[in-house]
Amino acid sequence: MASNPILRSTGLFLLVALFICPSESRRVQQITTMSFYLQDLASGRNATVVPVTGISGKNWSFTTFGTIFVMDDLITETPDRNSNQVGRAQGILVASALDGSNVHAQLSFVFSNFNYTGSTLELQGASRQFERYKEISVVSGTGAFRFAKGYAIFETIYYDPRISYSIIRCNVNLLPS
Amino acid sequence: MASNPILRSTGLFLLVALFICPSESRRVQQITTMSFYLQDLASGRNATVVPVTGISGKNWSFTTFGTIFVMDDLITETPDRNSNQVGRAQGILVASALDGSNVHAQLSFVFSNFNYTGSTLELQGASRQFERYKEISVVSGTGAFRFAKGYAIFETIYYDPRISYSIIRCNVNLLPS
Amino acid sequence: MASNPILRSTGLFLLVALFICPSESRRVQQITTMSFYLQDLASGRNATVVPVTGISGKNWSFTTFGTIFVMDDLITETPDRNSNQVGRAQGILVASALDGSNVHAQLSFVFSNFNYTGSTLELQGASRQFERYKEISVVSGTGAFRFAKGYAIFETIYYDPRISYSIIRCNVNLLPS
């Protein structure tokens, strides 16, 4: 499959200079923005997100309170799953809402390409799974991302319900460290 | 039930200006303090904190090493569980001490009221469950709380052992971001 | 057993003044470095790290995707397990890589000695278990370590495969808060 040429020409790591002032004590700063895509398969022998425990006697799913999943999604440069590999999104997801609305996420983005091989971003947050845009916090990082702080916006841009396959755009916004 | 009038008049989000100097490199700053209450039910059909796994053959409890709980506590403005809803405290608790003393917590406070609807605070810490005051770190946040940093003090102010029902005061202290 | 006299004379908490400049917006700063040792036993009745769940029908191990461990390692001042107790390393480890390479860690270092009794450091990261040096992020802390930010480097310096016993050096590097 050919990848989207517009996205390719944009490049993986887009530096966006923004003048922001989140509080009086913080000076004008640049925010770094990165965009990439998670390839997420929730069923079958090659699933990248798998339930490992939950409430006994209940159906383990993202909307069943108590279910815990372990996840290892491929991260790619463009929506095309055969595009350049950026890394892996690894960690746990917890169906943490009694009403099925939210999933608590604890993830490491483990980079394996470009200038970031061996570095990670560390994320924690509550994914509002029925909202279009889900914001998860970037709590820290390692390697090139030591002392990172920021947030990530997730949006599912493709879904195949037959095999529970999703392509998820992730925009990461980082404060200068 | 009538809620405590003194607490009501205080309001949910109390801004306390404190002059602190945690290190020579940090200037005099204001810390923002918020107070609210967790309604925590650990037994029965309507439990808000439920064990989902643990060491095989052992009794799964907060003092049995290895037990993992998923939690979704209602957060209210006052100790009265019928007072204004502030949000939900969602995530996991892990009985992480061989001697039963500590519980490792990974939580999102998901706000649904006042000026904070759609925002979260992200917490991680070791709750010393036999101490009166438990300090858990606020590692970050989303929405209105992006780049947040601080700590939360938890204190159980009411406990009904017949149904394992607790009301827990939570004071959150945030540095300016 | 006598502990290593060279390490003892170094002392637990070694303050290293480093002139660093991670970005133009950050001034010259001092990084605080601490060194200590984790005593890690992964088998037997006295194990300090125990699998509690995983993918049904699979062998639960650090290289089997989906396995979740709960951990409570003794932290000592020197490699000698009978040296001064510094605290405990408590939390969860998740075999989070489909290829078995990485373990996602969520840990609290709970201190019980020296000037840090009652304080914690909070860590999150992806441990590359087949690399010599594993970097995990310090996302925050409590007590004396409130608002902490930094990183920890782990290195296994001793391993007894008969009983799955490891001694792991941990160097923690903290920015001034």
Side-chain angles (χ1 to χ4, degrees), chain A residues 20-26 29 31 51-58 60 64-69 91-107 122-128 131 133-140 147-154 173-177, chain B residues 26-30 32 41 45-54 56 60 66-74 87-94 104-112 117-124 137-149 174-177:
Chain A
I20 61 164
C21 192
S23 84
E24 293 179 1
S25 67
R26 188 184 294 283
Q29 296 191 332
I31 280 194
V52 295
T53 193
I55 295 179
S56 179
K58 297 222 175 174
W60 294 353
T64 308
F65 177 70
T67 310
I68 299 180
F69 299 80
I92 65 171
L93 302 175
V94 182
S96 59
L98 287 162
D99 69 4
S101 58
N102 300 333
V103 169
H104 180 77
Q106 303 276 160
L107 298 174
E122 302 301 327
L123 293 91
Q124 177 175 324
S127 174
R128 291 177 170 79
E131 303 282 326
Y133 301 106
K134 296 105 176 161
E135 180 177 345
I136 303 288
S137 186
V138 177
V139 300
S140 195
F147 319 120
K149 212 140 177 60
Y151 60 97
I153 306 292
F154 294 80
N173 303 273
L174 300 179
L175 281 184
S177 60
Chain B
R26 186 185 294 283
R27 287 136 312 190
V28 170
Q29 295 190 332
Q30 284 187 321
T32 303
L41 180 60
R45 283 173 50 94
N46 297 315
T48 62
V49 52
V50 178
V52 294
T53 193
S56 179
W60 294 352
T67 310
I68 299 181
F69 298 79
V70 179
M71 165 177 163
D72 180 6
D73 281 3
L74 172 65
R88 311 287 312 190
Q90 300 177 334
I92 64 169
L93 302 175
V94 182
H104 181 76
Q106 303 277 159
L107 299 174
S108 297
F109 285 176
V110 182
F111 293 92
S112 57
T117 297
S119 300
T120 71
L121 287 173
E122 301 303 326
L123 294 91
Q124 176 175 324
S137 187
V138 177
V139 300
S140 196
T142 60
F145 297 116
R146 278 178 191 166
F147 320 121
K149 213 144 174 57
L174 300 179
L175 280 184
S177 61

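Order of the sequence lines sets the chain letters (A, B, ...), proteins ahead of strands, with each chain counted from 1.
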Correct closest heavy-atom pair for A/S137 and A/G150 would be OG-O, 3.7 Å
Under 4.5 Å heavy-atom distance to chain A, tell me which part of [X] shows up: side chain, backbone, both or neither.
X: B/L74; value: neither
X: B/I68; value: side chain
X: B/T120; value: side chain

Whether the side chain of B/D73 engages the backbone of B/A89 through a donor-acceptor N/O pair (distance < 3.5 Å, no angle test) should be reported.
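No: the side chain of B/D73 does not pair with the backbone of B/A89.
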Any donor-acceptor N/O pair, B/S119 side chain to B/G143 backbone, under 3.5 Å:
no
A/E135, part contacting chain B, at a heavy-atom distance under 4.5 Å:
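Contact with chain B is through both the backbone and side chain of A/E135.
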Tell me, for A/A105 versus chain B, whether the close heavy atoms (under 4.5 Å) come from the side chain, the backbone, both or neither.
neither
For residues B/F109 and B/F145, establish whether the separation of their ring centroids is below 6.0 Å.
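Between B/F145 and B/F109, which both carry aromatic rings, the centre distance is not below 6.0 Å.
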Report the option among A/V138, A/L98, A/V139, A/I136 that has the most heavy-atom pairs separated by less than 4.5 Å from atoms of chain B.
A/L98
Would you check, one step at a time, whether the test side-chain contact (heavy atoms from CB on, under 4.5 Å) holds for A/L175 with A/I31?
CA-CA 5 Å; A/L175 281 184; A/I31 280 194; 4.1 Å; yes
